There are 2 protein chains.
Amino acid sequence: MNEFGNMPQAATDKYQQQRAQAIRCAAAVFAEKGFHGASTKDIAERIGIKQGSLYYYFKSKEEALGEVCLYGIEDYVHRMDGIAASEQPFAAKLLATVTSHLSSYRERNEALKVHNDERLYLPEEKRQKLHKLGSRYRKSLQGIFQEGVASGDLRDSIDCHFAAQAVIGICNAWGDIIVREPDLDIFDVTQKCVDLLLNGFCERRKNTRQDRRA
Amino acid sequence: MNEFGNMPQAATDKYQQQRAQAIRCAAAVFAEKGFHGASTKDIAERIGIKQGSLYYYFKSKEEALGEVCLYGIEDYVHRMDGIAASEQPFAAKLLATVTSHLSSYRERNEALKVHNDERLYLPEEKRQKLHKLGSRYRKSLQGIFQEGVASGDLRDSIDCHFAAQAVIGICNAWGDIIVREPDLDIFDVTQKCVDLLLNGFCERRKNTRQDRRA
DNA sequence: GAGGAATTCTATAGATCTATTGAATTTTTA
DNA sequence: TAAAAATTCAATAGATCTATAGAATTCCTC
């Protein structure tokens, strides 16, 4: 105990590292059992400490959930910012986006799953914060499509909102599969995904502009 | 009480109807709070009975979850069987599939959500049964794509497994949105979805075969 | 290695929650 | 309408689970 009781020493490096480890453990447990199905005992055991000690790192179970959710998406939201701001042609941005999204599933699949499935159990304020991050992601993606239309790479009849959500849907569906099947090649899936988005599945007489570029 | 204790009278029509109503209430509560987050008291209150009375309709909370999950997908799996077996051209089957999938979200969104998010908390046997239904759905959809390739409507370079999962991903993403936004027109979303799948988003010089048919 | 700071532990209060049991009530049947 | 069947209820055992408090232990620094 220290002069303030058992308050954590948020300033120290060691504390922050151990907390980060605790967040990853919590992610694994929440991903497996869900927020309400996972007990603080489960999480503590995964970390290798006793149940009560968990509260040295988190004020509550809910706070732990918040940290896991944030950890799950902060990374790929930031990568998305970079892609959207970069000076690449449309097709390259789309490819980078899909690769990034699918890679997130490999790297942080547990935390990402928790974010997708459990964030609604967070208190309003925290949920709002995550919602804003998600919106930023969707808007960036939608912006990429709008640029594609403006540059003439895409048909001007397409609905960019629909397109962005469709991409997210495909990436989430295949993200789950990628997690289940570790031998799957992300780049291979990415290629198929981009091919669908650009060209569709329909038989074609003539090569498209994209095909000729490749 | 009857001669067998308080056993439910599974044979009677009234019992089956009330049980069906209980399943729909359970679906709503599970959808809102998740399986572990929802208590039997919550479910009973939604039905309008006391907590203990719930066990007249379900052997356990887990059984209730199983019934909700089944209710969530049985309908659209069966509709899918019908579509796959029908004698329509490829594009019509694809359109029917997407419409059916999106409509399921409107009609049974709570149970469907529960199936998607909570079925992993079911005991092995029940989960297997649902998994088989899901597989049947995926295989039917994949089969439709294979027919499309065989008939020349689709490029023979496409990966039908990828295609089927992509369709499911898009439908799930847009299904969620459709539930949140009641004013959205399902047919409009369906059209955009099929257009993406057939033609992609890319600018095109020549009309495709599908376009000319329309 | 002594003293203070940081970390973990034990123990527990108090609030759930599931499932069971037998009684009470309502509905149906004769 | 009275008996029988079906449905609901109240009460509770027993097993959780979260969060707290203060003691015990480990770690670091001088």
Side-chain angles (χ1 to χ4, degrees), chain A residues 1-26 29-30 32-68 118 121-123 126, chain B residues 1-26 29-30 32-68 118 121-123 126:
Chain A
M1 213 189 304
N2 62 29
E3 59 183 316
F4 306 111
N6 280 2
M7 293 305 289
Q9 302 307 304
T12 70
D13 248 24
K14 187 186 167 198
Y15 177 80
Q16 288 302 337
Q17 274 183 11
Q18 303 229 29
R19 190 166 189 269
Q21 171 63 11
I23 291 170
R24 283 189 294 271
C25 289
V29 177
F30 284 147
E32 189 187 329
K33 305 193 167 190
F35 174 63
H36 291 109
S39 71
T40 50
K41 185 162 177 279
D42 293 330
I43 299 168
E45 266 170 11
R46 168 83 62 141
I47 299 172
I49 58 179
K50 300 290 176 183
Q51 185 263 341
S53 307
L54 199 65
Y55 290 79
Y56 185 63
Y57 295 105
F58 305 108
K59 208 161 61 27
S60 66
K61 189 182 163 190
E62 225 168 43
E63 185 184 277
L65 176 62
E67 297 298 296
V68 170
E118 317 289 332
Y121 304 127
L122 286 169
K126 196 87 185 176
Chain B
M1 209 189 306
N2 61 28
E3 60 183 316
F4 307 111
N6 280 2
M7 293 303 290
Q9 303 307 306
T12 70
D13 247 24
K14 187 187 166 196
Y15 178 80
Q16 289 301 337
Q17 273 184 13
Q18 303 228 26
R19 190 165 189 269
Q21 172 62 11
I23 291 170
R24 284 190 292 271
C25 289
V29 177
F30 283 147
E32 188 187 329
K33 305 193 168 189
F35 175 63
H36 290 110
S39 72
T40 50
K41 184 161 178 281
D42 294 329
I43 299 168
E45 266 170 10
R46 169 84 61 141
I47 300 172
I49 57 179
K50 301 290 175 183
Q51 184 263 340
S53 308
L54 199 64
Y55 290 80
Y56 185 63
Y57 295 105
F58 305 108
K59 210 163 59 24
S60 66
K61 189 181 164 190
E62 225 168 42
E63 185 183 275
L65 176 62
E67 297 298 297
V68 170
E118 315 289 334
Y121 304 126
L122 286 170
K126 197 86 186 175

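Residue numbers begin at 1 in each chain, while the letters A, B, ... track the order of the sequences. Because the structure is predicted, anything quoted here is derived from the model rather than measured.
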What is the distance from [atom1] of [X] to [atom2] of [N], rounded to the nearest Å?
X	N	atom1	atom2	result
A:Tyr57	C:dT7	OH	P	6 Å
B:Lys59	C:dT18	NZ	C1'	13 Å
B:Leu54	C:dT21	CG	P	17 Å
B:Lys61	D:dA15	NZ	P	18 Å
B:Tyr15	D:dA5	OH	C1'	15 Å
B:Gln51	D:dT12	CD	P	14 Å
A:Glu63	D:dT18	CD	C1'	14 Å
B:Tyr55	C:dT20	OH	P	8 Å

Kindly compute the distance separating [atom1] ([X]) from [atom2] ([Y]), expressed to the nearest 0.5 Å.
X	Y	atom1	atom2	answer
B:Arg46	B:Ile43	CZ	CD1	10.0 Å
B:Tyr57	B:Ile47	OH	CD1	8.0 Å
B:Phe58	B:Ile23	CZ	CD1	5.0 Å

(request) Tell me, please, which residues at least two apart from B:Lys61 pass salt bridge (charged side-chain N to carboxylate O under 4.0 Å, His left out). (result) none

(request) State which residues pass salt bridge (charged side-chain N to carboxylate O under 4.0 Å, His left out) with B:Glu63; sequence neighbours excluded, sorted by chain then number. (result) B:Arg19

(message) Can you tell me which nucleotide in C:dT8, D:dA11, D:dA6 comes closest to the side chain of B:Tyr56?
(response)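 From the listed options, D:dA6 comes nearest.
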
(message) Tell me the bend of the helix from C:dG1-D:dC30 to C:dA30-D:dT1 as the angle between end helix axes, each from five pairs, rounded to the nearest 10 degrees.
(response) 20°

(message) My understanding is that only residues two or more places apart in sequence, or in another chain, count here; which of them pass side-chain hydrogen bond (donor to acceptor under 3.5 Å, both in side chains) with A:Lys41?
(response) A:Glu45

(request) Tell me, please, which residues at least two apart from A:Ser39 pass side-chain hydrogen bond (donor to acceptor under 3.5 Å, both in side chains). (result)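 Scan of A:Ser39 (side-chain hydrogen bond (donor to acceptor under 3.5 Å, both in side chains), adjacent residues dropped) gives A:Asp42.
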
(request) Report the C-alpha separation of A:Tyr55 and A:Thr40 in whole Å, then their side-chain angles, then the decisive distance to 0.1 Å, and conclude whether the side-chain contact (heavy atoms from CB on, under 4.5 Å) test is met. (result) CA-CA 9 Å; A:Tyr55 290 79; A:Thr40 50; 3.4 Å; yes

(message) Expected output is a numbered-order residue list: members of residues 37-50 of chain A with a heavy atom under 4.0 Å from any atom of DNA chain D. What is it?
(response) A:Ala38, A:Ser39, A:Thr40

(request) Between B:Lys14 and B:Ser53, just flag the one whose closest nucleotide in DNA chain C comes earlier from the 5' side. (result) B:Ser53

(message) Quick one, A:Gln21 and A:Arg24 - any side-chain contact, counting heavy atoms below 4.5 Å?
(response)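 SC-SC contact between A:Gln21 and A:Arg24 confirmed.
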
